[in-house]
Asks: 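Pasting a structure here, questions to come.
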There are 2 protein chains.
Amino acid sequence: MSIHSPQRATILEVAREAGASKTSVSRYFGGERERLSRELQGRIESAAQRLGYRPNQMARGLKGGRSRLIGMLVADIRNPFSVAVMHGVEQACRERGYSLLVCNTDNDPAQEREHLALLTSYRVEGLVINAAGSPDRELQALVEQGMPLVMLDRELGEVEAEVVGLDNARALDLALDHLQVQGYGELLYLSEPPEQASPRQARLMRFHQGVAARGLAGEAHCQALKDRETLQRAIGDFLARPGTAPRALLCANGNATLAATRALQTLGARLGDTGLLGIDELDWCALVGPGITTLAQPTEAIGRAAVECLMRRRECGDHTTPSRRVHFQASLIPRGSTRR
Amino acid sequence: MSIHSPQRATILEVAREAGASKTSVSRYFGGERERLSRELQGRIESAAQRLGYRPNQMARGLKGGRSRLIGMLVADIRNPFSVAVMHGVEQACRERGYSLLVCNTDNDPAQEREHLALLTSYRVEGLVINAAGSPDRELQALVEQGMPLVMLDRELGEVEAEVVGLDNARALDLALDHLQVQGYGELLYLSEPPEQASPRQARLMRFHQGVAARGLAGEAHCQALKDRETLQRAIGDFLARPGTAPRALLCANGNATLAATRALQTLGARLGDTGLLGIDELDWCALVGPGITTLAQPTEAIGRAAVECLMRRRECGDHTTPSRRVHFQASLIPRGSTRR
DNA sequence: TTGTAAGCGTTATCAG
DNA sequence: CTGATAACGCTTACAA
């Protein structure tokens, strides 16, 4: 390798070392090598090598505003689903020469606001938002300033931003169809409070519609999942209720599935006997009891699609293109928890 | 809120609006408000408010080199353990006014190298490394240039860098003691290949030492875990071997635990009957069969400690302080998988 | 094909 | 306490 000087080499030093001008070196690293003579290219190449030169992205970002940074807001970094999507986002960014600046908001609107400010202060060139709170005002303003923006799995009021996510209606239909076919007649839908989180709302709404349309009995329990006792009582009541139709739980996301599984285990319910179907496929769903039936989301694809939207925005003019919705389909992974 | 101009306001505009100089505005936002008169502070405050001003971090980073960015290399972002640690790192960074630039390397040395270059090109002020490959040369060079560096859970040849991670020896002792007390006499240690990853090496070594010291029978299977068949055969052979002592599996990390659980399930082994103990506590360990006994790592604390090391480095002079090792203790969570 | 020079938004230095 | 003014490392017209 190279022997680095105490401070990192600058473009000027490389220029001197190569007997060229800053401009030429800049062109060399800015992807305009073609415009330089073979000979100059060689000199710059070796000079840079010798000095261990790397363009300073900060300085780069300063001039034209090309920070080559994409910002992402993640509601809960410890949620495997979010991470999987983020992985897709990151891959796609890398492939396009962008880096990803990720901020976790822990579902806290305050942090969301703060991080949003932070990201913009780094002059990110695009924003992928997956957050529960609603700094709609700020986002609105950003979009109007021409910031490419894509919402992950969540609509945004009247803002002209792309939305990428699951086709929630179809997903719920899929789930309900499966549960019905398997013979479950009374359903309990488990979700975190749906305020502010549009996919939760969409799923909940479709649940109610779908249950009615199929002539099933259905109700929803939408409390914070952290309170295990409340959840357990709700599930217990549901299972103990008089009636003969087989009962099943439908979980709105991975966290709900986890909480429900715990509760069922504590209650001593047998999976399958009591149906259980969760949205989001997790590592362990195949391992618990007879396996938990899930609806898998194409996480990587969702992440990649988000970046594609961003790039499309960047390229084809400013906010002239109408905002779009990209919906992905969930796929059912049937397991023992919905087999009676 | 404020009505934003098409382009974000600059310090100059704020200065004009406030009838002050760039310098004063800079001081206001650079944490030197005390030096300004109450009156000036007020004018700047409201001018900035009006214009929706935010300092441009890029420009900031350019001048003094204060990018306020910490870089982190993560070997596998989809590993819950890594994410948990990263969460701690991020929190700690935020509390200190830094942002975290995370790069996932997917355990690929090439990506590692590339990302390392990337991070330095953003002039990160410190680096938290959790990666399997060995770009030792590059890291070495960075340290010599005075870059604060802390290794997560992995030693680095002769580089003077802090190391933060689990006390692997004590962790394995804990595991072996528990297994012995529970009456398991023959152990199979499951790990991914330990080359290059020092914690894997440390754990494996201690396993062998500890088994010998306790008069247990022990062997290790260190293949890539993706190949399910091989793993299954290895475990099958182990269980089918003649002998009467109860047998147990000891898993080197969460991935191994997952793979082992799958294999055992396929083989039809009953947990507890066949012992199973995994390093790393995961969401689902309590839910599978009678529960899986684990050794939990204090993930958040590890992450925070990493940042503390970094900051200590930054503050108290350059690379004069001797590098240290911060070791955390694992805690045993006994469950049914080690109860016969 | 190559070079010159003028910024980009901030901070740091040095005067008032 | 406040303010000019010169960097910081790079890109980008505009020349040559």
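Just so we're on the same page: letters track the sequence lines, and every chain starts at 1.
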Asks: Quantified as the angle between the terminal helix axes (five pairs each), what is the overall bend of the helix from C/dT1-D/dA16 to C/dG16-D/dC1 to 10 degrees?
Replies: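 Axis-to-axis angle, ends of the helix: 30°.
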
Asks: Base, sugar-phosphate or nothing for B/Arg54? Non-hydrogen atoms, less than 4.0 Å.
Replies: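 Result for B/Arg54 = sugar-phosphate.
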
Asks: Test for a donor-acceptor pair under 3.5 Å between the base of C/dT4 and the side chain of A/Lys22, counting only N and O atoms.
Replies: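 There is none.
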
Asks: Write down the protein N/O and nucleotide N/O pairs, taken from nucleotides 1-3 of chain C, whose separation is under 3.5 Å; answer none if there are no such pairs.
Replies:
residue, atom, partner, partner atom, Å
C/dT2, OP1, A/Ser37, OG, 2.5
C/dT2, OP2, A/Ser37, N, 2.5
C/dT2, OP2, A/Ser37, OG, 3.3
C/dG3, OP2, A/Ser21, N, 3.2
C/dG3, OP2, A/Ser21, OG, 3.3
C/dG3, OP2, A/Ser24, OG, 3.0
C/dG3, O6, A/Arg27, NH2, 2.8

Asks: Rounded to whole Å, please give me the gap between CG in B/Asn56 and P in D/dC10.
Replies: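 That distance rounds to 16 Å.
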
Asks: Measure the distance from CZ on A/Arg16 to P on C/dT4 and round it to the nearest whole Å.
Replies: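 The distance from CZ of A/Arg16 to P of C/dT4 comes to 13 Å, rounded to the nearest Å.
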
Asks: Starting at atom CD1 of A/Ile11, determine the distance to atom C1' of C/dT4, rounded to an integer number of angstrom.
Replies: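 Distance check: A/Ile11 CD1 to C/dT4 C1' gives 14 Å.
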
Asks: What residues form a side-chain hydrogen bond (donor to acceptor under 3.5 Å, both in side chains) with A/Arg35, not counting sequence neighbours?
Replies: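 Result, side-chain hydrogen bond (donor to acceptor under 3.5 Å, both in side chains) vs A/Arg35: A/Glu32.
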
Asks: Rounded to the nearest Å, what distance is computed from the OH atom of residue A/Tyr122 to the P atom of nucleotide C/dG9?
Replies: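 From A/Tyr122 OH to C/dG9 P: 17 Å.
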
Asks: Measure the distance from CE on B/Met58 to P on D/dC8 and round it to the nearest whole Å.
Replies: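 That distance rounds to 20 Å.
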
Asks: Between P on C/dT11 and CZ on B/Arg123, what's the gap in Å once rounded to a whole number?
Replies: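 Result: 18 Å.
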
Asks: Could you list all the ring pair (Phe, Tyr, Trp, His ring centres under 6.0 Å) pairs where at least one residue sits in residues 25-49 of chain A, not counting sequence neighbours?
Replies: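 Pairs touching residues 25-49 of chain A that pass the test: A/Phe29-A/Tyr53.
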
Asks: Give me the one residue out of A/Val326, A/Val85, A/Val89 that meets side chain to side chain contact (heavy atoms under 4.5 Å, CB included) with A/Val164.
Replies: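 For A/Val164, the side chain to side chain contact (heavy atoms under 4.5 Å, CB included) test succeeds with only one of A/Val326, A/Val85, A/Val89, which is A/Val326.
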
Asks: Once salt bridge (Lys or Arg N to Asp or Glu O under 4.0 Å) is applied, do any residues pair with B/Glu308, and if so which ones, sequence neighbours excluded?
Replies: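 If we apply the salt bridge (Lys or Arg N to Asp or Glu O under 4.0 Å) test to B/Glu308, skipping adjacent residues, there are no hits.
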
Asks: If I take atom CZ in residue A/Arg60 and atom P in nucleotide C/dG9, what distance separates them, rounded to the nearest angstrom?
Replies: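 From A/Arg60 CZ to C/dG9 P: 19 Å.
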
Asks: Enumerate the residue pairs fulfilling salt bridge (Lys or Arg N to Asp or Glu O under 4.0 Å) with a member in residues 69-80 of chain B, sequence neighbours excluded, ordered by first and then second residue.
Replies: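 Applying salt bridge (Lys or Arg N to Asp or Glu O under 4.0 Å) to every pair that reaches into residues 69-80 of chain B, excluding sequence neighbours, yields A/Glu300-B/Arg78, B/Arg78-B/Asp106.
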
Asks: Are the side chain of A/Ser37 and the backbone of A/Leu40 linked by a donor-acceptor contact shorter than 3.5 Å?
Replies: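 The answer is yes, because a donor-acceptor pair under 3.5 Å joins these two groups.
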
Asks: Nearest whole angstrom, please: distance from the P of C/dG9 to the CG of B/Leu51.
Replies: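 Computing the B/Leu51:CG to C/dG9:P distance gives 13 Å.
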
Asks: Apply side-chain hydrogen bond (donor to acceptor under 3.5 Å, both in side chains) to B/Glu17 and list each qualifying residue two or more places apart in sequence or on a separate chain.
Replies: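 For B/Glu17 the side-chain hydrogen bond (donor to acceptor under 3.5 Å, both in side chains) partners, ignoring immediate neighbours, are B/Arg50.
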
Asks: OP1 or OP2 of C/dT10 sitting under 4.0 Å from any side-chain N/O of B/Tyr28?
Replies: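 The answer is no; no side-chain N or O of B/Tyr28 sits under 4.0 Å from OP1 or OP2.
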
Asks: How would you list, by chain and number, every residue that makes a side-chain hydrogen bond (donor to acceptor under 3.5 Å, both in side chains) with A/Glu95, sequence neighbours excluded?
Replies: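 So A/Glu95 forms a side-chain hydrogen bond (donor to acceptor under 3.5 Å, both in side chains) with A/Arg304.
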
Asks: Applying side-chain hydrogen bond (donor to acceptor under 3.5 Å, both in side chains), can you list everything that pairs with A/Arg94, at least two apart in sequence or on another chain?
Replies: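 Residues passing side-chain hydrogen bond (donor to acceptor under 3.5 Å, both in side chains) with A/Arg94: B/Gln111.
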
Asks: So what does A/Thr10 touch, heavy atoms closer than 4.0 Å: a base, only the sugar-phosphate, or nothing?
Replies: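 The residue A/Thr10 makes sugar-phosphate contact but no base contact.
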
